[in-house]
Amino acid sequence: MKQIQSKSQQNVKITVNPVVSLSIADHHLRRNEGQARVIGTLLGIRSEDGQDIEIRNCFPVPHIESKDPVN
């Protein structure tokens with residue numbers, strides 16, 4: 001698992017499961033032609049003191065980008 005240290009005053013350790021990184025990369029590679037970005041949700045847990053965050057899973061959120069405003 002990958003660990004990331006936050007640069008804020010509060011030390012927070014974020015651990016990302018390797019499967020999450022691969023899933024994000026796979027979703028990006030499989031995006032529709034002309035789609036500039038992908039959107040998704042990260043799932044995980046946070047310790048009671050808020051110092052440790054573990055990202056355990058993720059999933060894509062299908063969307064269609066349009067320049068027209070939504071009415």
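Values reported hereafter were calculated over all heavy atoms of this structure, with side chains retained and with hydrogens, waters and symmetry mates removed.
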Does the side chain of [Y] come within less than 4.5 Å of [X]'s, by heavy atoms?
X   : Y   : result
F59 : V61 : yes
Q35 : H63 : yes
V12 : I53 : yes
P60 : I39 : no
V20 : L42 : yes

Let me confirm one number: the [atom1]-[atom2] distance from [X] to [Y], rounded to the nearest 0.5 Å.
X   : Y   : atom1 : atom2 : value
L43 : N17 : CG    : CG    : 11.5 Å
I24 : L29 : CD1   : CG    : 12.0 Å
I55 : I14 : CD1   : CD1   : 7.0 Å
R46 : Q51 : CZ    : CD    : 10.0 Å

TODO: Please confirm whether the backbone N or O of D52 pairs with a side-chain atom of S47, one donor and one acceptor, at under 3.5 Å?
DONE: yes

Open item on the list: Tell me if a side-chain donor or acceptor on R31 pairs with a main-chain N or O of H28 at a distance below 3.5 Å.
Closed with: yes

